Chemist: 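To start, I am sharing the structure in question, which I have written as structure tokens.
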Amino acid sequence: MRASTVLLCFVVLIQLFAGQTDARSSSPWQTLSGDAPLVIARGGFSGLFPESSFNAYIFAKQISVAGAALWCDVQLTKDGAGICFPDLKLNNASTVESVYPKGQKSYKVNGVSTQGWFTIDFSLGDLSNVSLIRGILSRTEKFDGIYSILPVEYLFTQIKPEFFWLNVQHDAFYAQQNLSMASFLISASRTVSIDYISSPEVNFFRKIAGRFGRNGPIFVFQFLGTEDFEPTTNQTYGSILSNLTFVKTFASGILVPKSYILRLDDKQYLQPPRSLVQDAHKAGLQVHVSGFANDIDIAHNYSSDPVSEYLSFVDNGDFSVDGVLSDFPITASSSIECFSHLGKNAIKQVDFLVISKNGASGDYPGCTDLAYDKAIKDGADVIDCSVQMSSDGIPFCSRSIDLSNSTMISQTPFAQRSTHVPEISSNNGIYTFSLTWAEIRNLTPAIANPYRVYNIFRNPNEKNSGKLILLSEFLNLAKNLTSLSGVLISVENAVYLREKQGLDVVKAVLDTLMETGYSNGTAKTKVMIQSTNSSVLVNFRKQSKYETVYKVEEKIVDISDSAIEDINKFANAVVIGKESVFSLFDSFITRQTKVVEKLQKSKLPVYVELFQNEFVSQPFDFFSDPTVEINSYITGVGINGIITEFPFTAARYRRNRCLGEKELPLYMAPVKPGTFVQLFRALPPAEAPTPVFNDDDVTEPPLPPVTAKSPTSAPGTSSTNAQAPRPSGQTRLTLSLRLSVFASLLLL
């Protein structure tokens, strides 16, 4: 072992979270025993660290719920030693190819000729120079080559897991090579406390039956694919599933893939659940489920939210599985202990604003009636409208001034109205001010798919559902809803619309607010006007008493006192991007900036955007879990509100019971910035110099007067009097740094 590296990593991980122990929930469970489902950490915390590495195991033990089990895939070496490694073939997740370039051999595995570097061709001593690497290329490579392969006994004595689960995947293969897995386990059990043993081979259980004594491990039969053949009975696992009484003769539980219980159709939507859990419980068998990972594409029904997936297996009102096998045990732990059995009327444990981004635009096309209806249903406090103007001066809601970004207009005859407007974009677009509202209202909306490059698509069944609505319809929708505290109206491109199109978006918004009963701040529903242009907010302040919100598009790491003083003159709150709160290096957090602290000291609430559920939108520090990300911004930083395309996830977070505990359990403690960077870098990475955001970045000349549009002028005509837009920050069009990392991984 690399003792110094392991010791350093151990100390750092101990300091990762603030918190101690947790208590089991007293909520009733529909498991076989009536206890909470077991969290099983597959190879430790294999979603971040190389599977079966020291740090993966120690970290899983640290941040999992009390009583979690650590899973070890047992393989045998040439000299009969047992190691924790995910596969028969070492080349799948280690550096063995570079250490032993001539070590490749061919064996028959389950009757299939297979090539690779097999564990049986190396002694335990041979493997001392081989290091573990990630087995899934979309995961971070930063911890590759650091950790050694662990013998089973070493892992147990060093980590001391509360429950130890050994999985034996290929007993028949080892027997063919004159190696006995049963003998190894019996010998190891003299020094290792084995709590669970699983295997997909019936004959293996016959070998070890009765050999561990009365208090021996629990035997769990693992089901593979329904069409795969079990080697002992020569039956498919699907056929064995219909004879659970047979399984009960040699096992106390079963381990099945998720699809055995909740199937997906061809479009990745859930089908009605099977009765397997109830049937197994009737037969006296526990049901454990495999295949849980935050960084894979899950059913569209879950809106890319892994907590929702766990809850569908453990808290659905009809059944609860007895255990979940997960690469990300932090999410399994919080799902079971913090979010299960909450109920619709569970009280809020923490107070912050949940502000929608174009409604629930992660589930429906943004700024449509359906997106707003779902945002309200999902618990948003504030719903938002990005106001655009039609050519006949009608204000309506659309996530983009370019209709080709938000509708299917490119497939209509209106596509010929595409034009170049350099004041707005370097690309051609079909702009709202080129069509009348009568032409726009019947356009088919299109859902945003920001991660199409990774083959991640949002709710395809509803990708063109809903209809665009007027600003007046949006305001009437929100006016009488007691569940909403306010509306946020975003106003952009005001200078261009005034000078080039003869459209006064400020006046249009104010007139519509008056017409719909939001009389200058007297309505019950609070009105917030947001803009990236201080001149727009100053203009609103002169004409109304509505609250104003200044949006800083640029990524900033610091802000001057003079800039804050200027912002206070025209804004009641500030919106900043996530990277203005946490600085990143290679998709890992390096530090927390002082921006939020400075703004809040000046009595300016801070709202942060953009929160999304897709795992590629988050730094690795948040474990591909949007709830962990939200928690780190709310509990860790203390921001006042989040702007999200998935309001349900944020609204549910506020009600989780763990936030009400005196000491936060480790799986609900905020991530400490810089924790993981220091595991693979001795010194913090040097950051490129970023200018301080100062008053020159805030101050703008007053809005120009409305200039009547010439009948012959084209939308893209240049003007020497036009005010050039300030450079937009990284948040508008460019992909995040995380995406660049994943793009490079895809090319490996």
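These figures come from a predicted structure and were not determined experimentally.
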Chemist: For Thr649, run the side-chain hydrogen bond (donor to acceptor under 3.5 Å, both in side chains) check against Asp305, Thr644, Thr627 and tell me which one passes.
Modeler: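 Only one of Asp305, Thr644, Thr627 forms a side-chain hydrogen bond (donor to acceptor under 3.5 Å, both in side chains) with Thr649, namely Asp305.
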Chemist: Quick one: is the NZ or CZ of Arg134 closer than 6.0 Å to the six-membered ring centre of Phe143, and within 45° of its axis?
Modeler: no
Chemist: Should the ring pair Trp29 and His341 be called parallel, tilted or perpendicular, given that the plane angle runs from 0 to 90° and is split at 30 and 60?
Modeler: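 Perpendicular.
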Chemist: Taking the side chain as everything from C-beta on, heavy atoms only, tell me whether Tyr667 gets closer than 4.5 Å to Cys658.
Modeler: yes
Chemist: Please find the pair of heavy atoms, one from Ala93 and one from Pro86, that lie closest to each other, and give the distance.
Modeler: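 For Ala93 and Pro86, the tightest heavy-atom pair comes out as CB-CG, 4.0 Å.
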Chemist: Is any side-chain heavy atom of Phe164 closer than 4.5 Å to a side-chain heavy atom of Val152?
Modeler: yes
Chemist: Identify, with sequence neighbours excluded, every residue that meets side-chain contact (heavy atoms from CB on, under 4.5 Å) alongside Ser290.
Modeler: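 Only Leu255, Pro257, Leu325 meet the side-chain contact (heavy atoms from CB on, under 4.5 Å) criterion with Ser290.
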Chemist: Hey, is Arg139 close enough to Asp327 for a salt bridge, meaning N to O under 4.0 Å?
Modeler: yes
Chemist: State, with a plain yes or no, whether a side-chain heavy atom of Tyr653 is found less than 4.5 Å away from one of Thr635.
Modeler: yes
Chemist: Kindly say whether the aromatic ring centers of Phe676 and Phe623 come within a distance under 6.0 Å.
Modeler: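 Ring centroids of Phe676 and Phe623 are less than 6.0 Å from each other.
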Chemist: To the closest 0.5 Å, what do you measure between CD (Gln271) and CG (Asn301)?
Modeler: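 Taking CD in Gln271 and CG in Asn301, the distance rounds to 10.5 Å.
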Chemist: Ignoring hydrogens, what is the shortest heavy-atom contact between Ser326 and Tyr310? Give both atom names and the distance.
Modeler: OG-OH, 2.6 Å
Chemist: Could you tell me whether the side chain of Ile634 reaches within less than 4.5 Å of the side chain of Arg654, counting heavy atoms only?
Modeler: no
Chemist: Excluding sequence neighbours, so at least two apart, what forms side chain to side chain donor-acceptor pair (under 3.5 Å) with Lys142?
Modeler: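 Asp586.
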Chemist: Does Glu51 pair with Arg42 as a salt bridge, N-O distance under 4.0 Å?
Modeler: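 So Glu51 pairs with Arg42 through a salt bridge.
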Chemist: Checking ring pair (Phe, Tyr, Trp, His ring centres under 6.0 Å) against Trp71, which of Phe292, Trp165, Tyr196, Phe163 comes through?
Modeler: Trp165
